[in-house]
Amino acid sequence: MSTIHPFSEQLVSWYEKNARDLPWRQTNDPYLIWLSEVILQQTRVAQGLPYFEKFKENFPTVFDLAAAPENVLLRHWQGLGYYSRARNLQKTAKIVVEQFKGFFPKSYQELIKLPGIGPYSAAAISSFAFGEPHAVVDGNVFRILARYFGIEVDIADSKNRKIFEKLANDLLIKSQAAKFNQSIMEFGSLQCSPSPNCDGCPIKIGCFAFLNGKVNSLPVKTNKVKILSRFFNYFVIEKNNKILVKKRANKDIWEGLYEFYLIETESVLSLQEILLNDKKIAFFANFTNELPAPKPHQLSHQKIYSKAFHVQIPDNFEFELGGEYEWKSAIELEELGKPVLIGNLITDNFQLPVFNS
DNA sequence: AACGCGGGGAG
DNA sequence: CTCCCAGCGTT
């Protein structure tokens, strides 16, 4: 069964006339393909593009990436979100260097074993870099196939993924796997977007959703994300022109990124209330000034309400928290990967002496 | 199978 | 506001 479905033919034809000129389409280097695919996971092209250029510039080869300190990688990743991608990026870079002598494995089955490479990325890399016939299934593909072929199952239910994978692989033009995969994703991005441009669509005449007035109800996706509210009280503790920071631990947001001394509470509290249960810095209440409160920070599944305080400890006072806390100068702080919330907090309060030194 | 994980752009 | 983006790893 190697006949080409009209859908596939028209899609590729559309792509050849409408494709954007994106940098990762100008190379067959599996390293750059891989880098771009990881950057683009759950990330819009416009947001990922500058990061791709920056990583390509700073880490031209997989050897450069494998050799970089994790903190440097997280600093470059700052602002892109889903920071486990940056940590897995380096795990895979090291595996490729140490186990494969710097050459990426070529097969889907080998690629998917690497950290940070799942079904989508394995299909993308194996087809784009090596021409292997594996159809990508991402958000675009779910949307296009659900609409065009009238698949009304819940795409949020993982058991339905195989329905789309089967169909996508049946539609795949095996001799042009890379171009077909690029075509379907570009079509989803530019034509069959969440809010689609059906007027200018070249394949609407065959589209189930268009013909049945279901463009706005397909794909079916249940949404059950509940937003957790959290209350972060940050203390920018300064002494001897240095700031106290701590690396965030496992199994919470922003793992591996740096932040200031944090007291998390169950609700919005006053400074006095916050310090009531604190054993370490309550003594310095008289040296503490409240900073303008940062805007609530919205994550996909948490909303962070925060307050910020500046604690100016006199140079001759004894004060050490030890352990996981580190004193950093403004320059050292700049070089650490930080959540956007912390970056904004610094920028918004740039008048602090330590940040001007 | 369900959940946790960022940040931002578009409507 | 809501939706969702070139998804993946953990439990």
Side-chain angles (χ1 to χ4, degrees), chain A residues 19-20 22-25 33-52 74 77-89 91-92 111-125 127-128 134-144 154-162 164-165 168 178 180-190 192-197 216-217 219-228 230 248 250-257 295-304 337-344:
Chain A
R20 289 169 293 181
L22 300 174
W24 41 84
R25 290 182 179 154
I33 301 286
W34 163 70
L35 180 59
S36 71
E37 291 306 333
V38 174
I39 286 174
L40 291 171
Q41 286 166 5
Q42 288 291 285
T43 304
R44 296 169 188 281
V45 167
Q47 188 184 6
L49 198 45
Y51 286 84
F52 176 76
L74 284 170
W77 202 268
Q78 180 173 314
L80 197 54
Y82 285 156
Y83 297 94
S84 66
R85 290 184 293 172
R87 298 191 301 273
N88 284 330
L89 201 67
K91 287 183 191 169
T92 284
L111 285 164
I112 202 171
K113 294 178 187 170
L114 297 169
I117 298 181
Y120 162 77
S121 298
I125 298 166
S127 67
F128 296 157
H134 291 277
V136 294
V137 177
D138 71 336
N140 293 304
V141 176
F142 278 122
R143 186 171 56 252
I144 295 169
D154 183 7
I155 65 169
D157 192 335
S158 56
K159 77 171 186 292
N160 291 325
R161 179 185 176 85
K162 61 178 181 294
F164 291 90
E165 284 189 330
F180 174 85
N181 280 337
Q182 292 285 4
S183 299
I184 195 166
M185 288 193 291
E186 190 78 334
F187 190 77
S189 179
L190 300 182
C192 198
S193 50
S195 180
N197 170 23
N216 292 318
S217 58
V220 176
K221 185 179 184 183
T222 61
N223 199 2
K224 39 198 166 187
V225 184
K226 64 174 194 291
I227 307 294
L228 173 69
R230 298 176 73 177
R248 283 188 65 86
N250 297 358
K251 301 187 176 175
D252 199 353
I253 57 172
W254 304 328
E255 179 185 342
L257 302 189
K295 292 184 301 184
H297 192 73
Q298 186 72 58
L299 306 180
S300 46
H301 58 292
Q302 294 187 16
K303 190 167 186 176
I304 313 295
K338 299 168 287 293
V340 166
L341 173 57
I342 296 296
N344 289 343

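All heavy atoms count here, side chains included; hydrogens, waters and symmetry mates do not. Lettering of chains follows the sequences in order, A, B, ..., and the numbering in each one begins at 1.
A/Gln41 has its CD atom 14 Å from the P atom of C/dC5, to the nearest Å. Spacing between atom CD of A/Glu37 and atom P of C/dC5 amounts to 15 Å, rounded to whole angstrom units. Atom CD1 in A/Ile342 sits roughly 15 Å away from atom C1' in B/dG7 (whole-Å rounding). In this entry the distance linking CD1 of A/Ile227 with P of C/dC4 reads 14 Å, nearest Å. Between A/Phe142 atom CZ and C/dC5 atom C1' the separation is 14 Å, expressed in whole Å. The nearest whole Å value for the distance from the OH atom in A/Tyr83 to the P atom in C/dG7 is 18 Å. In this structure, the CD1 atom of A/Ile155 is 16 Å from the C1' atom of B/dA1, given to the nearest Å. Going from atom OH of A/Tyr51 over to atom P of C/dA6 covers 17 Å, rounded to whole Å.
No engagement by A/Leu228 is indicated, since no non-hydrogen atom pair under 4.0 Å with the nucleic acid exists. At the heavy-atom level, A/Ser36 lies nowhere under 4.0 Å from the strands shown. Within the 4.0 angstrom heavy-atom criterion, only backbone atoms of the sugar-phosphate kind lie near A/Arg143; the bases stay farther away. At a threshold of 4.0 angstrom between heavy atoms, the contacts of A/Glu255 with the nucleic acid are absent. Counting non-hydrogen atoms under 4.0 angstrom, A/Asp252 reaches the backbone sugars and phosphates but no base. Using a 4.0 Å heavy-atom criterion, one finds that A/Trp254 contacts the sugar-phosphate atoms exclusively. Using a 4.0 Å heavy-atom cutoff across all strands shown, A/Gly79 reaches sugar-phosphate atoms only and no base atom. Residue contacts for A/Gln78: at a heavy-atom cut-off of 4.0 Å it reaches no nucleic acid atom on any strand shown. Among the atoms of the strands shown, only primed sugar atoms or phosphate atoms (P, OP1, OP2) are found under 4.0 Å from some heavy atom of A/Ile117.
C/dC8 and B/dG8 have their P atoms separated by 22 Å, given to the nearest Å. To the nearest whole angstrom, the two C1' atoms, one in C/dA6 and one in B/dC3, are 22 Å apart.
Close to B/dC3, at under 4.0 Å from its OP1 or OP2, lies no side-chain N or O of A/His301.
Map A/Val45 and A/Lys303 each onto its nearest nucleotide of DNA chain C; the residue landing nearer the 5' end is A/Lys303. Mapping A/Gln42 and A/Lys251 onto DNA chain C via the closest heavy atom, the residue that lands nearer the 5' end is A/Gln42. Comparing A/Lys226 and A/Lys159 along DNA chain B, the residue whose closest nucleotide (by nearest heavy atom) sits nearer the 5' end is A/Lys159.
For the pairing with A/Leu257, the side-chain contact (heavy atoms from CB on, under 4.5 Å) check across A/Val340, A/Leu74, A/Ile342 returns one residue only, A/Leu74.
In the interface, the side chain of A/Thr43 is paired with the base of B/dG6 through a donor and an acceptor atom under 3.5 Å apart. For A/Ser300 against B/dG6, a side-chain-to-base donor-acceptor contact under 3.5 Å is present. For A/Tyr82 and B/dG6, a side-chain-to-base donor-acceptor distance below 3.5 Å is present, hydrogens and geometry of angles not being considered. Judged by distance alone, with hydrogens and angles left aside, A/Arg44 brings a side-chain donor or acceptor within reach of the base of C/dC4, the pair sitting under 3.5 Å.
Panel note: side chain A/Asn181, backbone A/His134; a donor-acceptor pair is recorded below 3.5 Å. Side-chain atoms of A/Glu37 never come within 3.5 Å of backbone atoms of A/Ala124 as a donor-acceptor pair (strictly under, hydrogens ignored).
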Self-check item: From CA spacing to verdict: ring pair (Phe, Tyr, Trp, His ring centres under 6.0 Å), A/Trp77, A/Tyr51
Solution: CA-CA 7 Å; A/Trp77 202 268; A/Tyr51 286 84; 7.0 Å; no
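Contact check on A/Arg230 versus A/Asp252 returns a salt bridge, with a Lys/Arg side-chain nitrogen under 4.0 Å from an Asp/Glu carboxylate oxygen. A salt bridge links A/Glu165 with A/Arg161; the closest basic N to acidic carboxylate O contact falls under 4.0 Å.
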